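Just so we're clear, the structure is a prediction, and the values are computed from it rather than from any experiment. All chains are named by letter (A, B, ...) in the order of the sequence lines, taking the proteins before the strands, and each is independently numbered beginning at 1.
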Amino acid sequence: MALRLHDSLTRRLQDLRRPNPDDAKDVFTFYCCGPTVYAPAHIGNFRTFVVNDVLRRLLELEYGAAKVRHVRNLTDVDDRTIGQAKKEGRPLGDITRHWTKLFHEDCAALNCLVPHAEPTATGYIKEQVNMIEVLLQKGNAYRAADGSVYFKLSTFPEYGGLSRIRERELQVTNTVADADHKDSVSDFALWKAYKPEEDGDVRWPGPDGAAPGRPGWHIECSAMSKALLGDTIDLHSGGVDLLFPHHENEIAQSQCCNGTTFARHWYHSEHLLVDGTTMSKSKGNYYTLRDLLDQGYSAPAVRYALLAGHPRKQLNFTLDSLHAAESAIRTLHAYRATLPTTEDVNDVFRPVQEALHDDLNTPAAFGALFTIINRRETDATRASFDRALFALGLDLDAASPAQTTAPSAVTALAEQRWAAKQAKDFAAADALRKEITAAGWSMLDRKDGYTLEPVKK
RNA sequence: GGUGCGGUAGCCAAGUGGUAAGGCCGAGCUCUGCAAAAGCUCUAUUCGGCGGUUCGAUUCCGCCCCGCACCUCCA
């Protein structure tokens, strides 16, 4: 079954295809909008990246790992990054390096495959400037009085096709008096002229005839995808919030500059909610991966919880859903141990991949997974199970709670209780169990000994 | 106001014009001295409300109620 995915532009399910499957050099090109590195990424951000990671895995299973090229950018210069640098009184690069490192750590913990390239906006200034110059030459952009460059929306009649927002509606809603020098309020910035009071020392030489400054946000993705993947990419994805204006603007810039289709397929994943509303700093209702790990939840459980709802539906995140995820993962872990390591004759877990191939239906995939498990298929092997888990990106071994060692006082109590139990002095054994529990540890009796684990919350 | 999405068991969540996957929680049982783990079994005559189409609708259509998101730099 081909990989079918909802396309945001046509609003239909469409098969994802390599345009030239007979060409050995042809690869499937996949661009996903990445994070802005100025603060910790919250798990809402990671819903997008985890969903896209499943997509990447499916593409690899479908075409072969060598036939997929996945690019995800890092926005390391914009109002927010500059604002954060200014606030902390540190160079912009310090801030963005710091948050990039933490972002990568979280990605690794969530078992996301590393993109083939992770370009940064500051690493592609020249490409962005070049693109702006082409747009100026073609008449799709103009220089403003302050030296900024804007995209002239009226030169691209197809604008709004993705978001279905018409220009006149934009103007109605644009109530903020625009302080800059646009011809039309709908026009968006390609290049922002340097403002000493706001930008500190962040500036580059601008496009021909423009002032020094920095690129606008939207142009970076257009320039980096062009540089790394070519004029037309097979799949472009991101969170729904990017649909307008970011992706709409990317289409306008890229298609006017390159004269060809920008992306063959658009995919947007929905938001993660907390307490029924979207996460945000101002509401104070967001979680970071670190928060959850510190509370004792495992990264695979977080990944599971993020995939527990259909990616194109809003998902309300709760600690209950994390508990459920932890339990489900324990079941998977125990089940895996029962599977033979023999070669598989029937791919009994095939329905899991099929569910994923049907518009990335992750909840249905989990359903299929457990249905098969509950059937106790005699043909099930570890290899077929692991293939299913690979597609979902679940690393079960990483789910085992951190092997914290009990304090010596607790170990001593445990030794005493074990001895008492061997001597069949059950009254003493029970009393010692209580003490151990009171100290925050569970003593789990095994056949030939015992293990100690922190008491579960 | 515009655009889009959704309302399915205690919680989460798939799905279909032909009579409701799955996970969690809970209950019972088995096994263990106890506990835990593991295994087995059970848990929606019903899919926001009211109409319509149909032999038949949770699934299609209309209206209504409720919730959420986006509307210029938020994944």
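- To the nearest angstrom, C1' of B:A75 lies 15 Å from CZ of A:Phe317.
- The aromatic rings of A:His268 and A:Trp266 lie parallel to each other, with less than 30° between the two planes, well short of the 60° mark.
- Contacts between residues 371-378 of chain A and RNA chain B, defined by a heavy-atom separation below 4.0 Å, involve A:Thr371, A:Asn374, A:Arg376, listed by number.
- In this entry the distance linking CD of A:Gln314 with P of B:G67 reads 14 Å, nearest Å.
- Among B:A38, B:U72, B:A75, the nucleotide with an atom closest to any side-chain atom of A:Pro245 is B:U72.
- Annotation: ring-ring contact (aromatic ring centres under 6.0 Å, His included) contacts of A:Tyr450 (sequence neighbours excluded): A:Trp418.
- At a threshold of 4.0 angstrom between heavy atoms, the contacts of A:Thr331 are confined to the sugar-phosphate backbone, with no base atom among them.
- Rounded to whole Å, the distance from CH2 on A:Trp266 to C1' on B:A75 is 14 Å.
- Residues A:Glu270 and A:Leu315 form no side-chain contact, since every pair of their non-hydrogen atoms from C-beta on lies 4.5 Å or further apart.
- Closest approach to the A:Trp217 side chain among B:A75, B:C11, B:C73 is made by B:C73 (side chain taken as heavy atoms from C-beta onward).
- By the 5.5 Å and 30° criteria, A:Phe426 is stacked with the base of B:G33.
- Atom C1' of nucleotide B:A69 and atom CZ of A:Arg47 are separated by 12 Å, given to the nearest angstrom.
- Under the rule for a side-chain contact (heavy atoms from CB on, under 4.5 Å), the partners of A:Glu118 that lie at least two apart in sequence or sit in another chain are A:Arg72, A:Leu74, A:Phe103, A:His104, A:Pro115.
- If you check distances only, the side chain of A:Arg80 never reaches the base of B:C73 with a donor-acceptor pair under 3.5 Å.
- Under the side-chain hydrogen bond (donor to acceptor under 3.5 Å, both in side chains) criterion, A:Thr81 pairs with A:Asp78, not counting sequence neighbours.
- In this structure, A:Asp358 has no side-chain hydrogen bond (donor to acceptor under 3.5 Å, both in side chains) partners at least two apart in sequence or on a different chain.
- For the pair A:Leu432 CG and B:C34 P, the interatomic distance rounds to 18 Å; values are reported in whole Å.
- Using the six-membered ring where Trp is involved, A:Tyr31 and A:His236 have ring planes that are tilted, between 30° and 60° apart.
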| request: For side-chain hydrogen bond (donor to acceptor under 3.5 Å, both in side chains), just list the numbers for A:Asn73 and A:Tyr124, CA-CA rounded to whole Å, side-chain angles, deciding distance to a tenth of an Å, and then say yes or no. | output: CA-CA 11 Å; A:Asn73 70 296; A:Tyr124 283 78; over 6 Å; no
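- When the nucleotides B:C70, B:G23, B:C34 are ranked by their closest atom to the side chain of A:Asp430, B:C34 comes out on top.
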Nucleotide N/O to protein N/O under 3.5 Å, stretch nucleotides 8-10 of chain B:
none

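- Residues that satisfy the ring-ring contact (aromatic ring centres under 6.0 Å, His included) test with A:Trp204, not counting sequence neighbours, are absent from this structure.
- Candidate nucleotides B:A13, B:A75, B:A38 were compared by shortest atom distance to the side chain of A:Leu315, and B:A13 ranks first.
- Contact of A:Asp445 with B:C34 (side chain to base): a donor-acceptor pair of N or O atoms is detected under 3.5 Å.
- By the side-chain hydrogen bond (donor to acceptor under 3.5 Å, both in side chains) test, A:Asp425 is found to be paired with no residue, residues two or more places apart in sequence or in another chain being considered.
- Atom pair A:Leu444:CG and B:A38:P shows a separation of 11 Å (rounding to whole Å applied).
- Nearest nucleotide to the A:His42 side chain, out of B:A75, B:G4, B:C34: B:A75.
- B:A38 atom C1' lies 14 Å from atom NE2 of A:His333, rounded to whole Å.
- Scanning residues 346-364 of chain A for heavy-atom distances under 4.0 Å to RNA chain B yields A:Asn361, A:Pro363, A:Ala364.
- Here the side chain of A:Glu248 pairs a donor or acceptor atom with the backbone of A:Ser163 at under 3.5 angstrom.
- In RNA chain B, consecutive stretches of 3 or more Watson-Crick or G-U wobble pairs with both distances under 3.5 Å are given as paired ranges: B:1-7 with B:65-71, B:10-12 with B:22-24, B:26-30 with B:38-42, B:48-52 with B:60-64.
- A:Trp99 meets the ring-ring contact (aromatic ring centres under 6.0 Å, His included) test with no other residue; sequence neighbours excluded.
- Rounded to a whole Å, the NE2 atom of A:His268 is 13 Å from the C1' atom of B:C74.
- Judged as a side-chain hydrogen bond (donor to acceptor under 3.5 Å, both in side chains), and not counting sequence neighbours, the contacts of A:Asn249 are A:Tyr159, A:His218.
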